[in-house]
Each structure stands twice: as structure tokens, then as C-alpha cells.
**Q** 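Can you read through this structure? Questions will come right after.
Keep in mind that the numbers below use all heavy atoms, side chains included, and drop hydrogens, waters and symmetry copies. Note that ligands are numbered from 1 as they come in the structure, with each ligand's atoms numbered from 1 the same way. In this chain, residues are counted from 1 in sequence order.
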Amino acid sequence: MMTILEAIKTRRTIRKFDQTPLSKEQLAKYIDASRLAPSAANLQPLRYVAVQSREMAEKMFELVKWAGYLAPDYDPKEGERPVAYIAVCSDKSNRSNWTSLDLGAAVENMILAALSDGVGACWIGSVNYPEATKLLALSEDIKLECVVALGYPKEEPKEVAISEDIKYYVDETGTLCVPKYSMDDVLLKTV
Ligand SMILES: Cc1cc2nc3c(=O)[nH]c(=O)nc-3n(C[C@H](O)[C@H](O)[C@H](O)COP(=O)(O)O)c2cc1C
């Protein structure tokens with residue numbers, strides 16, 4: 001069993017997936033973990049749609065964009081595409097200036113919960129929102145905020161030190177390398 005810190009440190013965005021399906025219970029578990037995240041003023045504005053059927057997952061695939069710095073070369077090919085998605089939405093009547101911060105905490109909880117099952121995830125902000133809202137038949141009072149693509153990983157991206165810039169790249173072995181700032185870069189001071 002991975003510790004929380006191990007999960008945080010080893011988590012990488014996954015964009016190539018094994019085709020083993022995820023169960024309804026698994027998706028419910030990740031949404032449950034998301035639901036329990038911190039929420040400003042405890043407003044809890046977030047709502048979810050679990051996309052589990054193959055048909056809907058295929059349709060959702062057409063409405064999202066992958067790995068902007070490498071597109072379209074790093075797009076998941078057939079046989080590597082997500083087997084499920086969770087659409088993260090908000091209740092418009094319950095939104096506030098804090099909603100985007102709530103989203104950050106809630107989505108990370110979801111991704112870490114999936115990782116506890118060995119399931120990989122890609123947080124996707126680049127969504128065709130009007131079309132995805134139609135596909136999911138969301139009611140007027142619900143705003144689609146982002147989407148999380150899910151499935152067992154079929155790649156092992158790794159964290160690397162920043163040499164040139166923050167753009168992720170594929171190395172000579174085909175591994176996706178994700179440059180991260182070091183502690184020295186980010187810790188301004190301890191006072
Ligand atoms: C708010 C947000 C939106 C993102 N949108 C996309 C996206 O549309 N498509 C994509 O392939 N990755 C997307 N990502 C994943 C980032 O590219 C990824 O987190 C980043 O490259 C760092 O890699 P890591 O998650 O492995 O640390 C998004 C991440 C965040 C936090």
C-alpha cells in the first residue's frame with residue numbers, strides 16, 4: 001500500500017491507457033474522494049458525471065485535447081484511449097470566487113484516489129465545452145468545469161529536473177519527461 005506522500009510524489013499525468021474497463025464502483029469511489037475535499041466556506045458547489053460506457057467515452061474523446069506541447073503526436077492512439085471519464089461540474093447557483101480553488105483540491109483528491117487503485121488520470125481543461133455539455137445533457141443550472149480521463153496506465157512518464165524550460169518532452173526511449181522546478185527554485189524563504 002502506497003503512502004499518501006508516495007502517491008503524491010509518483011503521480012504523473014497519464015495519457016496512454018490499457019483498455020481494461022473501470023467499474024461503476026471504482027468511478028463512484030473516485031467521486032466520493034473528490035466530494036470530501038476541502039471547500040471554501042464549505043459551499044461544496046461541485047457535481048459530477050461518470051462516463052463509463054464505451055460509446056460515451058469514445059464520444060468524449062473527440063471533445064478533448066491532449067498534451068498541448070506535443071500535439072498531435074502524443075495523442076492517445078486507438079487501443080490507448082481512456083476507458084472512462086469523470087466530468088467535474090458546478091452548480092451555477094452555488095458558485096463563488098473560490099470555486100476554481102475548490103476544483104483544484106477536488107480534482108487532485110480524485111486523481112490520488114484513482115492512483116490508490118493503480119488507475120492513471122489526465123486532468124483535462126482543454127475541452128470543447130459547448131459540445132461536451134450537450135453530450136452529457138447537462139441541465140441549465142450545471143456548468144461543466146473540466147474533465148478527468150481515466151484508465152490503467154500504459155505509459156510511465158517521469159519527473160525530470162528543468163534543463164531548458166518547463167515543456168514536457170519525449171526522450172530517446174519514448175518516455176514522457178515532465179520537468180519540475182526544484183525545491184531551491186520554489187522555496188522563497190523560511191522565516
Ligand atoms: C487545470 C489543468 C488543466 C489541464 N489540462 C490538460 C489538457 O487539456 N490536456 C492534457 O493533456 N493535459 C492537461 N493537463 C495536465 C498537465 O499537462 C500536466 O499536469 C502537466 O504537464 C504536469 O505533468 P504531471 O501532471 O505529470 O505532473 C492539465 C492539468 C491541469 C492542472
Side-chain angles (χ1 to χ4, degrees), residues 2 4-17 30 33-34 37-40 45-46 48-49 51 57 59-78 80-90 95 97-116 118-133 135-136 143-171 173-183 185-186:
M2 224 187 273
I4 294 171
L5 191 60
E6 280 163 359
I8 290 168
K9 290 196 144 194
T10 57
R11 179 210 61 80
R12 292 272 67 76
T13 289
I14 298 301
R15 298 185 181 85
K16 296 182 189 304
F17 302 91
Y30 313 151
S34 189
S39 172
L46 304 182
Y48 305 87
V49 178
V51 177
K59 286 184 179 161
M60 186 59 87
F61 180 80
E62 302 301 327
L63 303 177
V64 297
K65 289 214 171 87
W66 300 91
Y69 295 135
L70 302 173
D73 295 359
Y74 209 74
D75 287 6
K77 309 282 175 295
E78 240 181 284
E80 312 180 325
R81 294 181 180 162
V83 295
Y85 295 83
I86 294 171
V88 185
C89 308
S90 63
R95 290 187 98 264
N97 289 340
W98 302 104
T99 299
S100 61
L101 300 185
D102 277 24
L103 273 162
V107 173
E108 183 70 354
N109 260 22
M110 177 188 290
I111 290 172
L112 291 175
L115 187 58
S116 77
V119 169
C122 183
W123 184 341
I124 305 182
S126 193
V127 179
N128 180 338
Y129 286 93
E131 287 303 317
T133 300
L135 177 68
L136 299 172
K143 178 182 188 317
L144 178 61
E145 300 279 359
C146 64
V147 161
V148 177
L150 294 157
Y152 290 95
K154 213 178 169 180
E155 64 166 341
E156 276 185 50
K158 61 175 187 194
E159 177 203 339
V160 295
I162 293 193
S163 50
E164 276 166 39
D165 67 12
I166 48 76
K167 290 189 180 133
Y168 43 78
Y169 58 90
V170 179
D171 72 8
T173 70
T175 302
L176 181 67
C177 297
V178 184
K180 293 281 182 186
Y181 286 119
S182 69
M183 273 298 288
D185 294 328
V186 301

**Q** Step through the shown structure and confirm whether more than 12 heavy atoms of other residues, nucleotides or ligands are within 6.0 Å of CD on E156.
**A**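 Open.
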**Q** How far is atom 25 (O) of ligand 1 from the closest protein heavy atom, and which atom is that?
**A**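 Minimum-distance protein heavy atom for atom 25 (O) of ligand 1 reads T13 OG1, 2.5 Å.
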**Q** For the atom pair CZ (R11) and CD (E108), what is the distance rounded to the nearest 0.5 Å?
**A**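 CD of E108 is found 5.0 Å from CZ of R11.
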**Q** Could you tell me whether I166 atom CD1 has more than 12 heavy atoms of other residues or ligands within 6.0 Å of it?
**A**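 Result for CD1/I166: enclosed.
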**Q** Hey, is K65 touching ligand 1 through its side chain, its backbone, both or neither, going by heavy atoms under 4.0 Å?
**A**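 Only the backbone of K65 comes within reach of ligand 1.
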**Q** Which protein heavy atom lies closest to atom 12 (N) of ligand 1, and at what distance to 0.1 Å?
**A**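 Of every protein heavy atom, R15 NH2, 3.3 Å lies nearest to atom 12 (N) of ligand 1.
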**Q** Check ligand 1 against R12 and write out every atom of the ligand that is under 4.0 Å from a heavy-atom position of the residue.
**A**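 Close to R12: 24 (P), 26 (O), 27 (O).
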**Q** What atoms in ligand 1 come closer than 4.0 Å to a heavy atom of S126?
**A**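 So the atoms of ligand 1 that pass are 8 (O).
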**Q** Counting only heavy atoms on the protein side, is anything nearer than 4.0 Å to atom 20 (C) of ligand 1?
**A**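 Under 4.0 Å from atom 20 (C) of ligand 1, zero protein heavy atoms found.
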**Q** Quick one: CG on D75 to CZ on R15, what's the gap to the nearest 0.5 Å?
**A**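 The distance works out to 10.0 Å.
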**Q** Within the 4.0 Å heavy-atom shell around G125, which atoms of ligand 1 are there?
**A**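 The atoms of ligand 1 under 4.0 Å from a heavy atom of G125 are 3 (C), 4 (C), 5 (N), 6 (C), 7 (C), 8 (O).
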**Q** With heavy-atom distances below 4.0 Å as the criterion, list the atoms of ligand 1 near V178.
**A**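 Near V178, the atoms of ligand 1 are 22 (C), 23 (O).
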**Q** How close do T13 and E155 get, counting heavy atoms only, and between which atoms?
**A**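 In this case the closest contact between T13 and E155 is O-OE2, 3.9 Å.
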**Q** Which atoms of ligand 1 sit under 4.0 Å from any heavy atom of I124?
**A**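 Per the distance check, 5 (N), 6 (C), 7 (C), 8 (O).
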**Q** Can you sort out which atoms of ligand 1 are near C122, meaning under 4.0 Å from one of its heavy atoms?
**A**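 Counting from 1, the qualifying ligand atoms are 10 (C), 11 (O), 12 (N).
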**Q** Provide the closest heavy-atom pair for I14 versus P153 in the form atom of the first, atom of the second, distance.
**A**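 That would be CG2-CA, 3.9 Å.
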**Q** Check whether any heavy atom of K180 sits under 4.0 Å from an atom of ligand 1.
**A**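 In this structure, K180 qualifies as a contact of ligand 1 - some heavy atom is under 4.0 Å.
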**Q** Do other residues, nucleotides or ligands put more than 12 heavy atoms under 6.0 Å from K9 NZ?
**A**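 At most 12 heavy atoms, drawn from other residues, nucleotides or ligands, come within 6.0 Å of this atom.
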**Q** To check your reading of the model: name the closest protein heavy atom to atom 29 (C) of ligand 1, its residue, and the distance in Å.
**A**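 Nearest neighbour among protein heavy atoms for atom 29 (C) of ligand 1, to 0.1 Å: W123 O, 3.9 Å.
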**Q** So, D185 versus S182: side-chain donor-acceptor pair below 3.5 Å or not?
**A**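 Yes.
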**Q** State the atoms of ligand 1, each with its element, that fall below the 4.0 Å cut-off from a heavy-atom position in Y168.
**A**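 It comes down to these atoms of ligand 1: 17 (O), 21 (O).
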**Q** Against heavy atoms of W66, which atoms of ligand 1 measure under 4.0 Å?
**A**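 So the atoms of ligand 1 that pass are 11 (O).
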**Q** Could you tell me whether ligand 1 has any atom less than 4.0 Å away from a heavy atom of A67?
**A**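 Distance cut 4.0 Å: A67 passes for ligand 1.
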**Q** Once rounded to the nearest 0.5 Å, what's the spacing between atom CZ of R81 and atom CZ of F61?
**A**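 Reported value, rounded in 0.5 Å steps: 4.0 Å.
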**Q** Calculate, to the nearest 0.5 Å, the distance between atoms OG and OH belonging to S90 and Y48 respectively.
**A**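 Reported value, rounded in 0.5 Å steps: 10.5 Å.
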